[in-house]
Amino acid sequence: LVSLVFLWWHHFFLLWTTIDGQTRYSIPEELKQGSVVGNIAKDLGLVVSELHRRKLRLTSEAGKQYFSVDLGKGELVVTDRIDREEMCGQKPSCLLPLELVIDNPLQLHRVEIEIQDTNDNSPSFLTKEKVVKIAELVNPGARFPLESAQDPDVGVNSVRSYMLTKNDNFKLTVKNHKDGRKIPELVLEKPLDREKMPVHNLILTAVDGGDPVRSGTSEITVIVLDINDNAPQFEKQVYETNVSEKATPGTEILHVKATDADEGVNGEIEYFFAEQTSDLILSLFAIESSTGTIVVRGNLDHETNSLHRFDITAKDKGNPQMDGHCGIEIKILDINDNNPEIIVTSLTSPVPEDSAVGTVIALISAKDPDSGDNGKVLLNLSPKSPFKLNPSVSNHYSLVTNGRLDREKNAQYRVKISASDSGNPALTSEKIILVELSDVNDNPPIFSKPSYLIYVKENHPPGKILCSVSATDPDAGENAKVSYSILDSKVQDVSVSSYVYINSDNGSIYSMHSFDYEKLKVFQIQVQAKDQGSPSLSSNATVHVFILDQNDNAPARMPRSAKAGHLVTKVTAVDADSGHNAWISYRLAEATDASLFTVNLYTGEVRTKRAVSEQDDSSQRLLIEIKDDGEPIQSSTVTVSIILEDGLHEPILDLRHKAAEPSKKTGRITLYLILSLASVSVLSLVTFLILAVKCIRNSRSSSTCCMRRTDSDDYKNPNRNLQIQLNTDGPIKYVEVLGGDMLSQSQSFRSCMSPMSEYSDFTLIKPSSTTDFKEVISVLDASLPDSTWTFESQQVSIECFRFRSRQRIRALRLSAATPLSMFLSWTRTTMPPLLFTPPPLPWAPSLIRGRLAPRKRVTWLPR
């Protein structure tokens, strides 16, 4: 039967409604564990498949958890026994508030469970046996209050009626109090006769209104007394008063007064608590038996019980003893004696530092057990906080972000929440919420300096550290790990990574090779610092590397016997611009003796203006200014040191020593080159002998000689030195021949050709005394396929320039079939020994085979 009743309640009361944003279910008490209250996911519009991911959870203000949510179905089910009387007592309405919290995003839903009462308790009497003494002279109609039955159920399930066993002298009436209580009274209908029946045994039955009906009984024993026929009468049937909950023990509350019409001992009255008075009332209040004064005995608490009801009995001292009854109602007045309480329902921590404004961090509720204004709570946040409180329903708040968060400035926030009620004086409380911030990669690495200056001496050993750069990242974890790299850039058309490399872990920069101040004076390195975040952030810094000059180059030397016009050295500059912006001019800006030297405006040749005298300083310093033809004009300077020497014996010995140094090339390539050079030399010698014989024969029949005898002596000079240089970067663009008598003025020339021109020109220039031409041809022929062959000398190295002379003596156009022997014969009979520059590399094989390439123009220009 009980199961059928529960099933009936489950089907007819399992309804839900939404009131002011709250969802309410009504269920009967004592539901079995596992019973379904309702599909809360469906009712709240939630997706069942997302409940687990969003971490749905329930919290209850009752402290004990009676319900849970089936995340697989979204149903709210009962997990523990629910006893309405235990939870709510005699309250007419029993609501169990629940808070449903879900994350991602953080949401709060308030759910109320209304617990409906079931008739699971029977009425009961505190006193199972009640003795009533009534004098036999009491007139019919006299009323005698009986104990009320107690029923923990409420509503229709509470006590509804009383019944009395059938008898001849008494009847039962029920007195209804304004608070809804029903007080049974025993009414005398017929006079009592002690002699006939001194004791009457009656049974009082209390019946509730439940279905099925429940009842409880109490035995009433009426003893008929003789004489003392007036009972004490109170001035009021019910006494009402108010007392503050802070009243201390001993505080008088009120006076009750009863009178007795009898005289003497029969009229003396004493006051007592009624027999059915509960232990709680006896612990809180006391009554003086002689005066009827009710005083405070224990500590009163409005929050526990705001109203106390009990009965007082007045008894006389007659025989038989007579008594009267009255009711007492004491209201406990609330005072503001409870501090508000702050409850953190849910907290999300850590919080990403890039959280948008309005992101919910925590759900907070406040409560104050006081009533009225004393229970109204207001929450406030500490000032200058990037958070704010958004009020929700029923003293609930959400803590949300109100500004930009920055973990690098504050990795943790101590959010102080203050709660104050509206009492007088107001009571307050505080709670600290720790909000941790998680790092996001929002800061790039920062170098200690935006640019670095490095001064490195030339000839710095390769692999040595140049400097260290450092960058810091205020982020944390992987976001703060910094790696270093060098951004690709060009230094003199070469990648900067060919010059330096960097340790990616500590930012140390190392040189790849030594530096030469004469070739490179300064360059820049772009260093990038990148963190390991996702996405990664980076920043750059510029490292300026300055090469410091060292005294590693010998100064230009010239004899004191040099005459005017003596070529000392040559300065060459290169401008990366083109056109007019690349036209370069040279000017002597400063000199130790300005009357001794001059600089050619266009070629940069440094020559003597006059003969060197004994009074001239042996050390001369020239400052040469170099300008371009652009707008605006760009310029730079170079310093040339010149040593005047009385004799050149030491240099000659030094040159011989250098000439005697063996080549450092080893291996098979060297062997091949030596064999090629020997072969070409032999071929050249044979060709030279043939041409010499033909020249001698032709000279007998002609007045013209192919060679001047005055020059031939110079060619045989054993002190001459020769230097041949070719470019090594692909097709042959130039060959440089340096030669001269060490006891005379030395000269150096270079001819440049464009491999893109239709006709490649090469210039034949008359030099100072040189060696036998066949050696030049042999050396040149052997060196064409490979890199530069050099016979070193003391001459200053001169950069490539374009010879601009327009004076042409004669020109020879050669066909593809012209033999090399004929070309050599022509050069021997027509002009002095020649230095020449070959065209691009395709000509080299033809030269080795003994023929010139087709349509090559050869021009001979005098100095």
Side-chain angles (χ1 to χ4, degrees), residues 18-24 44 55-63 95-112 245 301-303 334-353 355-406 409-437:
T18 300
I19 302 174
D20 295 333
Q22 298 181 0
T23 302
R24 175 179 292 184
L44 296 178
K55 300 178 181 179
L56 183 143
R57 54 196 180 277
L58 283 177
T59 59
S60 174
E61 294 182 1
L95 297 177
L96 179 60
L98 301 177
E99 291 178 355
L100 186 144
V101 182
I102 52 178
D103 297 334
N104 300 321
L106 186 62
Q107 294 179 344
L108 172 68
H109 296 277
R110 188 172 177 83
V111 179
E112 289 185 348
E245 64 175 330
D301 189 0
H302 169 83
E303 289 71 39
D334 181 46
I335 62 171
N336 195 21
D337 59 344
N338 290 281
N339 291 326
E341 182 181 0
I342 301 171
I343 303 171
V344 179
T345 305
S346 177
L347 174 63
T348 301
S349 185
V351 179
E353 63 174 324
S355 297
V357 174
T359 301
V360 179
I361 305 301
L363 298 177
I364 302 170
S365 61
K367 67 178 182 179
D368 192 327
D370 295 326
S371 60
D373 291 339
N374 297 332
K376 294 180 180 179
V377 182
L378 180 65
L379 296 185
N380 292 297
L381 278 181
S382 54
K384 297 181 180 180
S385 172
F387 304 96
K388 69 175 182 179
L389 287 172
N390 286 338
S392 182
V393 294
S394 183
N395 283 337
H396 283 75
Y397 299 81
S398 59
L399 180 66
V400 301
T401 57
N402 192 35
R404 181 177 177 272
L405 305 178
D406 191 349
K409 293 182 179 179
N410 288 290
Q412 180 188 80
Y413 286 93
R414 293 175 58 87
V415 183
K416 183 172 73 174
I417 301 177
S418 301
S420 59
D421 57 27
S422 300
N424 188 17
L427 298 179
T428 61
S429 63
E430 294 180 351
K431 192 176 188 68
I432 302 295
I433 298 178
L434 296 180
V435 179
E436 302 281 348
L437 297 186

Quick one: does [X]'s side chain have a donor or acceptor within less than 3.5 Å of a partner on [Y]'s backbone?
X	Y	answer
Asn338	Pro369	no
Gln412	Leu434	no
Thr401	Gly358	yes
Ser418	Ser382	no
Glu353	Leu437	no

Practice task
Taking side-chain hydrogen bond (donor to acceptor under 3.5 Å, both in side chains) as the test, write out the residues that go with Asp373, two or more places apart.
Solution key: Lys376
If you look at every heavy atom in [X] and [Y], which pair is closest and at what distance?
X	Y	value
Leu44	Thr23	CD2-OG1, 3.2 Å
Ser429	Glu341	OG-N, 4.4 Å
Ser346	Leu106	OG-CD1, 3.8 Å
Leu378	Tyr397	CA-OH, 4.3 Å
Gln107	Leu363	O-CD1, 4.0 Å

Extract all donor-acceptor atom pairs below 3.5 Å that involve side chains of residues 419-428 and protein atoms in other chains or at least two apart in sequence.
{"residue": "Asp421", "atom": "OD1", "partner": "Asn336", "partner atom": "ND2", "Å": "3.0"}
{"residue": "Asp421", "atom": "OD1", "partner": "Gly423", "partner atom": "N", "Å": "3.3"}
{"residue": "Asp421", "atom": "OD1", "partner": "Leu427", "partner atom": "N", "Å": "2.8"}
{"residue": "Asp421", "atom": "OD2", "partner": "Asn336", "partner atom": "ND2", "Å": "3.1"}

Exercise for the section: Test Ile342 against every option in Glu430, Lys431, Lys367 by the side-chain contact (heavy atoms from CB on, under 4.5 Å) rule and name the one that passes. Expected result: Lys431
Practice task
State which residue, out of Val351, Val344, Thr345, fulfils the side-chain contact (heavy atoms from CB on, under 4.5 Å) condition with Leu347.
Solution key: Val344
First locate atom [atom1] of [X], then atom [atom2] of [Y], and finally report the distance between them rounded to the nearest 0.5 Å.
X	Y	atom1	atom2	value
Asn395	Ile364	CG	CD1	12.5 Å
Leu108	Arg110	CG	CZ	8.5 Å
Leu399	Leu381	CG	CG	6.0 Å
Arg57	Asp103	CZ	CG	4.5 Å
Ile361	Leu405	CD1	CG	7.0 Å
Ile417	Leu379	CD1	CG	7.0 Å

Handout entry: pair Leu56-Leu100: side-chain heavy atoms closer than 4.5 Å
Key = yes
Practice task
Kindly indicate whether the side chain of Thr348, heavy atoms from C-beta on, has any atom under 4.5 Å from the side chain of Thr359.
Solution key: no
Completion exercise
The ring-ring contact (aromatic ring centres under 6.0 Å, His included) partners of Phe387 (sequence neighbours excluded) come to Tyr413
Exercise for the section: Kindly determine whether Asp337 and Glu303 satisfy side-chain contact (heavy atoms from CB on, under 4.5 Å), including the steps that lead there. Expected result: CA-CA 10 Å; Asp337 59 344; Glu303 289 71 39; 3.9 Å; yes
